[in-house]
Amino acid sequence: MNLTYEKNGDYLIPTLQADIQPEGTVTKYGMMRETYLKENHRGVYSAFLLKGTLKEHLLTIQKQAEERMEKLTSQMAATEGVTEQLKETEQMLWVAKMNSIRNRAEEVVLGELVYSL
């Protein structure tokens with residue numbers, strides 16, 4: 001480890017630079033993952049935090065969760081016959097079925113990605 005110092009009066013102060021964080025905003029699944037790690041796996045959370053890779057990890061989990069939600073939702077809708085034609089003819093039935101599909105898909109995603117190690 002190579003540290004450089006700058007003199008400030010009689011003191012030598014190390015010149016430290018923060019790690020560059022990845023671009024992106026942590027949203028729903030990323031925040032849920034962070035809360036889960038913070039409350040249930042403090043060691044893992046601290047390790048990510050100390051290495052400076054917490055945001056990268058949260059963004060990765062978030063992206064995987066969103067992709068998995070999209071895939072599961074479309075597969076379940078196709079399997080259960082929830083189509084655009086149903087949306088046009090019976091809107092309330094379509095909404096009820098889609099809400100059910102999204103809830104079940106989210107339950108799978110949370111178990112597989114957000115609340116697992």
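In this chain, numbering begins with 1 at the start of the sequence shown.
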Begin from the C-alpha positions of Thr60 and Lys63 and carry the test side-chain contact (heavy atoms from CB on, under 4.5 Å) through to its verdict. CA-CA 5 Å; Thr60 302; Lys63 183 179 178 201; 6.0 Å; no
Let's go through Tyr29 and Leu110 carefully: what are the C-alpha distance in whole Å and the side-chain angles of both, what is the deciding distance for side-chain contact (heavy atoms from CB on, under 4.5 Å) to 0.1 Å, and is it a yes or a no? CA-CA 8 Å; Tyr29 296 113; Leu110 292 176; 4.1 Å; yes
Take Thr35 and Glu39 through the side-chain contact (heavy atoms from CB on, under 4.5 Å) test and state the conclusion after the steps. CA-CA 6 Å; Thr35 302; Glu39 292 176 357; 3.4 Å; yes
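Of the inter-residue distances, the one linking Trp94 atom CH2 with Thr89 atom OG1 reads 12.0 Å to the nearest 0.5 angstrom. The structure places CD1 of Ile61 at 15.0 Å from CE of Met31, a figure rounded to the nearest 0.5 Å. The CD atom of Gln75 lies 9.5 Å from the OG1 atom of Thr73; values are rounded to the nearest 0.5 Å. Atom CE in Met98 sits 14.0 Å away from atom CD in Gln91 (nearest 0.5 Å). Rounding to the nearest 0.5 Å places CE of Met92 at 14.0 Å from NZ of Lys97.
Salt bridge Glu112/Arg68: present, at least one basic N to carboxylate O contact under 4.0 Å. Note on Lys28 versus Glu106: salt bridge recorded, some NZ/NE/NH1/NH2 to OD/OE distance being below 4.0 Å. A salt bridge links Glu80 to Arg104: at least one charged side-chain nitrogen sits closer than 4.0 Å to a carboxylate oxygen.
Closest approach of Ile101 to Ala77, counting heavy atoms only: CD1-CA, 3.7 Å. When all heavy atoms of Leu59 and Thr25 are compared, the closest pair comes out as CD2-O, 3.7 Å. The two atoms that bring Val109 and Ala65 nearest to each other are CG1-CB, 3.6 Å, heavy atoms only. Closest approach of Ser116 to Gly111, counting heavy atoms only: CB-O, 3.7 Å.
Linking Ile, Leu, Val, Met, Phe, Trp and Tyr whenever their side-chain heavy atoms come within less than 4.5 Å puts Leu58 and Met69 in one cluster. Two different hydrophobic clusters hold Leu72 and Val82 under the rule that ILVMFWY side chains link at heavy-atom gaps under 4.5 Å. Under the 4.5 Å side-chain contact rule for hydrophobic residues, Leu12 and Leu16 share a cluster. Linking ILVMFWY side-chain heavy atoms closer than 4.5 Å, directly or via other members, places Met76 and Leu86 in a single hydrophobic cluster. Both Leu117 and Leu54 belong to a single network of hydrophobic side chains, linked directly or stepwise wherever heavy atoms of I, L, V, M, F, W or Y lie under 4.5 Å apart.
Residues Thr27 and Glu66 meet the side-chain proximity criterion, which asks for heavy atoms closer than 4.5 Å. The shortest distance between side-chain heavy atoms of Glu56 and Phe48 does not fall below 4.5 Å. Within the 4.5 Å cutoff, the side chain of Ile13 has no heavy atoms near those of the Lys7 side chain.
Remark: Asn8 CG is loosely packed, at most 12 non-hydrogen atoms of other residues, nucleotides or ligands lying under 6.0 Å away. Sparse packing is recorded around CD of Glu70, with 12 or fewer heavy atoms of other residues, nucleotides or ligands lying under 6.0 Å away.
A donor-acceptor pair is defined here as one N or O able to donate and one able to accept, closer than 3.5 Å; such a pair exists between the side chain of Thr15 and the backbone of Thr4. Without hydrogens or angle criteria, Arg33 side chain to Leu113 main chain gives a donor-acceptor distance under 3.5 Å. Judged purely by atom type and a 3.5 angstrom limit, Arg42 uses its side chain to pair as donor or acceptor with the backbone of Lys38. A donor-acceptor pair under 3.5 Å links the side-chain atoms of Lys55 to the main chain of Gly24, judged by distance alone.
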